[in-house]
Amino acid sequence: YSNNLFSAATYYNGNYYLLVSNDGITWTTYTNPDILFKSFVYGNDIIVAFSSYIHHKSTILTSVDSVNWTATHYDDIIYWNSVAFGNEIFVAIAETNTGRKIYTSSNGLQWTIQTAPAVNNWTSVAFGNNMFVIVSDTGINNRIITSKNGISWSIQPNVINDNSNHNWSNITFGKGLFMAISEDSL
């Protein structure tokens, strides 16, 4: 949700669709044969969307109105995985030729690689309670990291009273809580 518009994306019957609504009930549909939107985030007056562009999986789309989009391709990125916005900064995870990396941007266009405290397969990022949280599906006792600014990261202990290393695939924030999903638990 941004600029008083809801946005959603889907793939149906061989076509990619972007849906936009100002009330969440009535939707306007836009068809694009080349773009599958993977995730959206709004911040600093811009919408940043990751896509699986048919020809370039490393494309970021930006928009100020959810209707008109500008595509930017990044040669050093294989594909963008996850994105969150908070504390005036975008934080993203991207697959590169040397593994999954953490990137930050103030405008959604120019991205800077950040150093993670562990070399893991980072899968998802979320923002809440004034903090970014990133999860991974690899590593030993270091699969959760946190940061206030998206630049300096700290390893967090695994789930309380749980000595296993969950394969975390996704994390989100809502109603004051982070919720992470793994292959074997919530």
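Only this structure's heavy atoms are used, side chains among them; waters, hydrogens and symmetry mates stay out.
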Between the side chain of [X] and the main-chain N/O of [Y], is any donor-acceptor distance below 3.5 Å?
{"X": "S105", "Y": "Q110", "value": "yes"}
{"X": "N120", "Y": "T138", "value": "yes"}
{"X": "S21", "Y": "T26", "value": "yes"}
{"X": "T146", "Y": "V133", "value": "no"}
{"X": "S124", "Y": "V135", "value": "no"}
{"X": "S169", "Y": "I181", "value": "yes"}

Please report the closest heavy-atom contact between [X] and [Y], naming both atoms and the distance.
{"X": "I102", "Y": "A116", "result": "CD1-CB, 3.8 Å"}
{"X": "W111", "Y": "V48", "result": "CZ2-CG1, 4.3 Å"}
{"X": "F90", "Y": "S106", "result": "CE1-O, 3.9 Å"}
{"X": "A118", "Y": "I155", "result": "CB-CD1, 4.5 Å"}
{"X": "I151", "Y": "N149", "result": "N-OD1, 2.8 Å"}
{"X": "N129", "Y": "K148", "result": "O-NZ, 4.4 Å"}

Joint hydrophobic cluster, [X] plus [Y], side-chain heavy atoms closer than 4.5 Å:
{"X": "F127", "Y": "I145", "answer": "yes"}
{"X": "W122", "Y": "V91", "answer": "yes"}
{"X": "I93", "Y": "F178", "answer": "no"}
{"X": "I171", "Y": "F173", "answer": "yes"}
{"X": "I60", "Y": "V41", "answer": "yes"}

Are the ring centres of F50 and W80 closer than 6.0 Å?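 Centroid distance F50-W80: below 6.0 Å, so yes.
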Hey, are the side chains of [X] and [Y] touching, using non-hydrogen atoms and a 4.5 Å cut-off?
{"X": "F132", "Y": "T104", "answer": "no"}
{"X": "N107", "Y": "I46", "answer": "no"}
{"X": "T72", "Y": "L109", "answer": "yes"}
{"X": "K101", "Y": "I77", "answer": "no"}

Going by atom types only, do N87 and N130 share a side-chain donor-acceptor pair under 3.5 Å?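 Yes, side-chain donor-acceptor contact under 3.5 Å.
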Report the distance from atom [atom1] of [X] to atom [atom2] of [Y], rounding to the nearest 0.5 Å.
{"X": "E88", "Y": "N44", "atom1": "CD", "atom2": "CG", "result": "4.5 Å"}
{"X": "R100", "Y": "D137", "atom1": "CZ", "atom2": "CG", "result": "6.5 Å"}
{"X": "I47", "Y": "N68", "atom1": "CD1", "atom2": "CG", "result": "10.5 Å"}
{"X": "T70", "Y": "L61", "atom1": "OG1", "atom2": "CG", "result": "8.5 Å"}

Side chain to side chain contact (heavy atoms under 4.5 Å, CB included) between N121 and E95: does it pass, once the steps are laid out? CA-CA 9 Å; N121 192 43; E95 180 75 26; 4.2 Å; yes
With a sphere of 6.0 Å drawn around CG of N97, does it hold more than 12 non-hydrogen atoms of other residues, nucleotides or ligands? no
For side chain to side chain contact (heavy atoms under 4.5 Å, CB included), just list the numbers for Y103 and I113, CA-CA rounded to whole Å, side-chain angles, deciding distance to a tenth of an Å, and then say yes or no. CA-CA 4 Å; Y103 287 82; I113 194 166; 3.9 Å; yes
